[in-house]
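By convention in this document, chain letters (A, B, ...) are assigned in the order of the sequence lines, proteins followed by strands, and residues within each chain are numbered from 1.
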Amino acid sequence: MSKQKQKDEQRKTFCVTRRNFLQGGASLATAAGLFALMNKNIAKASPTLVGPAASDIVLSKGTLPVATRPMPNNDEWLGTSKIVGPIKRTHEKDIGFYQAAVGKFGEEAKKGTANFARKHPMGRAICDMTNFIAMEEAVDGQPAEEKLPIPDPEQMSRHIKNLAFFLNADEVGIGVLPQYAVYTHQAPPMPQVLAGTADFSQSQPVDLSHHKYVIAVLVDQDLRTMLGSTGYDGVSASQSMQAYLFSGVIACTIAAYIRNLGYSARASHFSNYSLAMPPVLIAAGLGEMSRTGECVLHPRLGFRHKAACVTTDLPLMPDSPIDFGLREFCSHCMKCAEECPNGSISLERDQKEFNGYLKWVGDMKQCTIFRATNDEGSSCGRCMKVCPWNSKEDSWYHSASVYASSKSKMVSRLLRDMDDIFGYGTEIIEDYRWWLEFPELYR
Amino acid sequence: MFFTVFSFLAGSIAVFGGGILVKYIKKLEGRKKVLAWFLMGLWYAWTLAGISFVILSVIEKHHKAATVGSVLFFFVAIATAILLGRWLDIIKLSPKKDRAVEV
């Protein structure tokens, strides 16, 4: 075959007819059109960067393993907590550690309260950091004189939640502030109380009636640390304090941001509370009250978290309180009560009335005394360690178990037994004990 | 790491197990054939659930859960595999030898 013929053959092989060319062009144009349609949000995004946020994105840290049912926040119910009478607002000095600090639980508990979180060097370091956000200037202030333009309440709520996730919150919720959660008075700072120089008659009255909404944030206490701990060893207080510190920083930052937008906002956190957190967390759709009677259990984190919040008059769209079957689960699980080292958690099957609402009423005095005087470590979080909702990593079988537990009483009983058989909660995983222990400092 | 190990084991069981079983199940007819495939599917799902549970528990250092899970999942998996094997005639009992005839 001559060279010319070979070239002709090659041309024929790669020849593109007009029809092929048009078909190819039409396909490419269709594909490009579809791509552009699918990505219209990308094209639209840049012009709206200045002004109200338009993005639908939610920067959440995880999905809930259970289906939740919205519940009311009214005069009869706060989520799954039944309100049976008027709920009296309380003075901050009524909480356990203030009672211990003024000597109502004995001299040993009073002495322990001054030191219980600080006796481990790491706990002391974290406690010292919380002092920086304790000041009134960190939690409250005057809003900017001019209100900046903001989007509608639904978009603004999404934006505030994204801000919380951006600041490293593990969960965030927005609720209508139940005014009965607000303290009547803030107690004097704990160091003054411990030094005996506090004058309770000079307690500051608290008024947050102008704040309609509350933004609550949760920070995880770290699953692996908890799996390595007994729940009442040297790291226990540090776990609490780190979550208190970072949730406090997030709350103070969000409050300052809202004030910069021209709206009133006050942060409440471990070092400067103006309200009781449990009702706030329930109102913000972040969980249900657990058997402990003090801790609100989140469907994903359990109660392996600490919380802080921001009360504000910023127009927001609140979440509803939620029901995911916890009350039923807690009514027969009782693992926390059985494992509590000082028997502070109720073993009663049914809830009782306490200050106008129903809950499992624990022994606050015993719990405070044990945490303040624990000579095997620093504070205590044994209930958190053993709770079947807290002690699990994300996996398909834990999600399936939690989902089934929330649906059926029989399954939840079976799963409590399975939890024990598999060693969850009570197992101490030595590989995760990364911290230093100083037993001589605990006594 | 989990997905690599899990995919390898899941694929191996599917390819080798399926390859061996298909010729036995082909011999069955009608409803029995459907039932056999269904039971095989269940067995496969149970076994993979067990493998996944044990690998994840080992990775997360839940040693007790891994041990109990191994026993629970694999005991059931092996027991049902033997029963299915007998039913499909894959596992044959050795015929009784008639010593009198041999003599």
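Of the two parts of B:T67, neither the backbone nor the side chain holds a non-hydrogen atom closer than 4.5 Å to a non-hydrogen atom of chain A. With a 4.5 angstrom heavy-atom cutoff, B:A49 touches chain A via backbone and side-chain atoms both.
For B:H62 and A:Y424, the gap between ring centers is short of 6.0 Å.
Legend: residues meeting ring-ring contact (aromatic ring centres under 6.0 Å, His included) with B:F75, ordered by chain and number and at least two apart, are absent.
When the heavy atoms of residues 216-227 of chain A are compared with those of chain B, the residues falling under 4.5 Å are A:R224, A:L227, listed by number.
With rounding to the nearest 0.5 Å, the separation of CD in A:E427 from NZ in B:K64 is 7.5 Å. To the nearest 0.5 Å, atom CD1 of residue A:I429 and atom NZ of residue B:K61 are 8.5 Å apart.
Within 6.0 Å of the CZ atom in A:R413, the count of heavy atoms belonging to other residues, nucleotides or ligands exceeds 12. Crowding of A:Y403 atom OH: a count of heavy atoms from other residues, nucleotides or ligands under 6.0 Å not exceeding 12.
When all heavy atoms of B:I59 and A:Y432 are compared, the closest pair comes out as O-OH, 4.2 Å.
The closest side-chain heavy-atom distance from B:V68 to A:M418 is not below 4.5 Å.
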